[in-house]
There are 2 protein chains.
Amino acid sequence: MQDVARAAGVSPMTVSNVVNNRPHVREATRVKVLEAMDRLGYRVNIAARNLRAGRTQTIGLAVPEMDRPYFAELAARIVRHARAAGYRVVVEQTGALREEELDAIAWSRNSLYDGLILSTVALGPDDRDLLRVDFPVVILGERIFDAPVDHVAMPNTDGARAATAHLIGRGCRRIAMVTGPDLEGTNVASLRYAGYRDALRAAELPHDERLVVRLPRLDPASGAEAAARLARAEPGWDGVVAVTDTVALGVVRGVTDAGLRVPGDVRVVGFDNIEAGRFAVPSLTTVDPDNDWIAARAVGLLVGRIRGDATQGRPRDVVSPFGLIERESTGRGRGPAV
Amino acid sequence: MQDVARAAGVSPMTVSNVVNNRPHVREATRVKVLEAMDRLGYRVNIAARNLRAGRTQTIGLAVPEMDRPYFAELAARIVRHARAAGYRVVVEQTGALREEELDAIAWSRNSLYDGLILSTVALGPDDRDLLRVDFPVVILGERIFDAPVDHVAMPNTDGARAATAHLIGRGCRRIAMVTGPDLEGTNVASLRYAGYRDALRAAELPHDERLVVRLPRLDPASGAEAAARLARAEPGWDGVVAVTDTVALGVVRGVTDAGLRVPGDVRVVGFDNIEAGRFAVPSLTTVDPDNDWIAARAVGLLVGRIRGDATQGRPRDVVSPFGLIERESTGRGRGPAV
DNA sequence: GTGAAAGCGCTAACAC
DNA sequence: GTGTTAGCGCTTTCAC
């Protein structure tokens, strides 16, 4: 900038004014400066500007794995909403590791972002003290009760209850739940599992441990394996509630591999409403947690904290509305086109 | 840092030495400083460090849309390789807009990143002069010939040729190509289309314009529509080469909706080898462009430029090796499990 | 309408 | 082993 100023015969301050489109710069001066900038191939140094300004107009988004369709789609929505609010978004991957999720918070406070949206899967209530930071943070995903930060929660239990009830309404009586590893803590797997049990209880259906499959990883391969295991060991099963759509699509695959039909023999319902489920064969019935609502709300809360005082005001805890989207995977028994 | 220094009764320099784990700091001093840091809740200001250092140990990755599975999976791989090389990755979305792709370059030069991996879809040979920057950039995707930056290209034409030849080998004679809008420029759609035509020519099959569908957007919905249109207008078609797996999955859906079977009536082959294709029903035959090779190479080239001189050395132009992964969608006529 | 001075928080280079 | 000096590139403040 010094160089440009010298080349244009003005002060650095004037160059700064031109760069930032500030008024009160004479047209002739502006032109001179722009020419000099062009000639020297000048670019503002954002790092310096950030240092000076103390903010970056950038928000960080930390997700467990950005190649999981749910997070990829959510990230895209968050980018859209944040951009509308005048913020850039920077996406980072935590690998679903507790250490890295905490790291994301620590790093964010290092003045690179004005705030952080953290999609937790590995943090639990025990970590609530570590979230006691005076930096704008919004937690996405499960609720960590009493944590001093804003939360946007998914309707995990209610949604899973509705999904299970839907299967029961379709006539299923031996409904399996394919879920995550940890059913004790407060996490997506356990909360959705709770909804599943609620619905069974409400319908006075017995709970059968053998129908609960705990997957170490929530991916299609694991879902397919779960279906294979169920097909081998539980011949009478007629429905599956999968903890996520990604897992559900794997389950459908596994059911098919076992020589059974979806929904003819086994009905399958997922959770998340990812795009792939809409176009799968059969298309996937799913709980739609209103991801756009979630993205909008997360950005809204974070930007509010950034603009106001980070620590001021009690933490908000909101849950998105949900709907059940009925598609072929729980349909009237018509399987994939004969 | 000043505050910490004062609280610990040392100079800022010593604090800096402690923060950066530098040797030659007496243990007692180190402890004193760490205590002061803890007491004051001190965090390094990375913005300041970056300004001072002139580099950020961060590379930017600009993709058209991060919710397209291909890019999401590629981003995850790039993150992994970059981390192994000691760099953080920041992902941004360009929306597949020419302006935003150019913006990504412009922004990157603003000292936020040490280098940029740009996945282009909207830039063409005409933009080559705009890429003439003395900043480490690696272009991913189609080749922009003569551009003065490193390229990691996909085996677009060769892969599509192999995919088409595979269908021909399976007995298909009226093979449709479902591709992108622009078949004139140098882009994924046109290059893969060229491979399709090559294979038809080599097999002495006629080229039929009516079998070429140009989609405005490369998503499953468009793929499904394309299949519907083909089913309506071209009853004799027996194969589809889809420009991407995402489109191919939509095509499979559309074929099924039209009351036809995959692969019984129509065989479908995609391109990209995304995870969803492996678990789809039927599973998707696809061209595997070795995405891990691409990610590793892109990171490798970029880091090389960053560590060496950005402009030094002729631009490298590499093409990943590919393979054809044969799955059910082009199988022996056995459709989805009966 | 333009400029001079000062400082954001950090660290390389050198002095002690 | 620790401190001093200086400056990365920008912008806020206030003077002209």
Side-chain angles (χ1 to χ4, degrees), chain A residues 1-37 39-58 88 106-114 134-135 306, chain B residues 1-37 39-58 88 106-114 134-135 306:
Chain A
M1 181 171 271
Q2 294 272 17
D3 300 343
V4 175
R6 208 173 306 117
V10 297
S11 79
M13 201 51 239
T14 301
V15 177
S16 174
N17 286 333
V18 171
V19 166
N20 293 286
N21 272 317
R22 271 190 272 264
H24 307 312
V25 177
R26 207 185 309 155
E27 198 47 36
T29 315
R30 180 188 305 280
V31 170
K32 245 187 347 195
V33 171
L34 289 174
E35 271 169 0
M37 277 171 49
R39 191 144 27 88
L40 301 179
Y42 169 78
R43 304 269 145 196
V44 268
N45 182 321
I46 301 284
R49 176 183 291 174
N50 288 345
L51 174 58
R52 177 69 233 225
R55 39 186 186 64
T56 60
Q57 290 296 320
T58 301
R88 295 168 61 243
W107 268 90
S108 301
R109 297 164 67 196
N110 293 184
S111 318
L112 286 178
Y113 311 138
D114 294 345
D134 60 344
F135 176 82
I306 293 172
Chain B
M1 182 170 268
Q2 294 271 17
D3 300 343
V4 176
R6 209 173 306 118
V10 297
S11 78
M13 201 53 236
T14 302
V15 178
S16 173
N17 285 334
V18 171
V19 167
N20 293 286
N21 273 316
R22 271 189 272 262
H24 308 310
V25 178
R26 206 186 311 154
E27 198 47 34
T29 315
R30 180 187 304 279
V31 171
K32 247 188 342 193
V33 171
L34 289 174
E35 272 168 1
M37 278 170 49
R39 192 144 27 89
L40 301 179
Y42 170 80
R43 304 270 145 195
V44 268
N45 182 321
I46 302 283
R49 176 183 291 173
N50 288 346
L51 173 59
R52 177 68 233 228
R55 38 186 187 65
T56 60
Q57 290 297 319
T58 301
R88 295 167 61 242
W107 268 89
S108 302
R109 296 163 67 196
N110 294 185
S111 319
L112 286 178
Y113 311 138
D114 293 346
D134 59 346
F135 175 82
I306 292 172

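First the proteins, then the strands, lettered A, B, ... as listed; each starts at 1.
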Any base atoms under 4.0 Å from [X], or only sugar-phosphate, or nothing? Heavy atoms, all strands.
| X | answer |
| --- | --- |
| A:V10 | sugar-phosphate |
| B:R22 | sugar-phosphate |
| B:N20 | sugar-phosphate |
| B:V19 | nothing |

Rounding to an integer number of Å, can you tell me how far [X] [atom1] sits from [N] [atom2]?
| X | N | atom1 | atom2 | answer |
| --- | --- | --- | --- | --- |
| B:M13 | C:dC16 | CE | P | 17 Å |
| A:Q2 | D:dG9 | CD | C1' | 8 Å |
| B:M1 | D:dC8 | CE | P | 19 Å |
| A:L51 | D:dG7 | CG | P | 17 Å |
| B:R6 | D:dT2 | CZ | P | 19 Å |
| A:R55 | D:dT11 | CZ | C1' | 11 Å |
| B:H24 | C:dC14 | NE2 | C1' | 15 Å |
| A:M37 | D:dG9 | CE | C1' | 14 Å |

Fill in: Of A:P12 and B:V25, the one whose closest DNA chain D nucleotide lies more 5'
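Its nucleotide being nearer the 5' end, the pick is B:V25.
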
Of the options [options], whose atoms approach the side-chain atoms of [X] most closely?
| X | options | value |
| --- | --- | --- |
| B:R49 | D:dG1, D:dT12, C:dT11 | C:dT11 |
| B:T29 | C:dG7, D:dT2, C:dT11 | D:dT2 |
| A:N45 | D:dA6, D:dG1, D:dC10 | D:dC10 |
| A:R52 | D:dC10, C:dT11, C:dG3 | D:dC10 |

Which value, rounded to the nearest 0.5 Å, describes the distance between [X] atom [atom1] and [Y] atom [atom2]?
| X | Y | atom1 | atom2 | value |
| --- | --- | --- | --- | --- |
| B:T58 | B:I46 | OG1 | CD1 | 8.5 Å |
| A:M13 | A:M1 | CE | CE | 8.0 Å |
| A:Q57 | A:I306 | CD | CD1 | 8.0 Å |

Worksheet item: Side chains of B:S16 and B:R22: is there a donor and an acceptor less than 3.5 Å apart?
Response: yes

Worksheet item: Step by step, would you call B:K32 with B:T14 a side chain to side chain contact (heavy atoms under 4.5 Å, CB included)?
Response: CA-CA 11 Å; B:K32 247 188 342 193; B:T14 302; over 6 Å; no

Less than 4.0 angstrom between a side-chain N/O of [X] and OP1 or OP2 of [N], yes or no?
| X | N | result |
| --- | --- | --- |
| B:S11 | D:dT2 | no |
| A:S16 | D:dT11 | yes |
| A:T14 | C:dG1 | no |

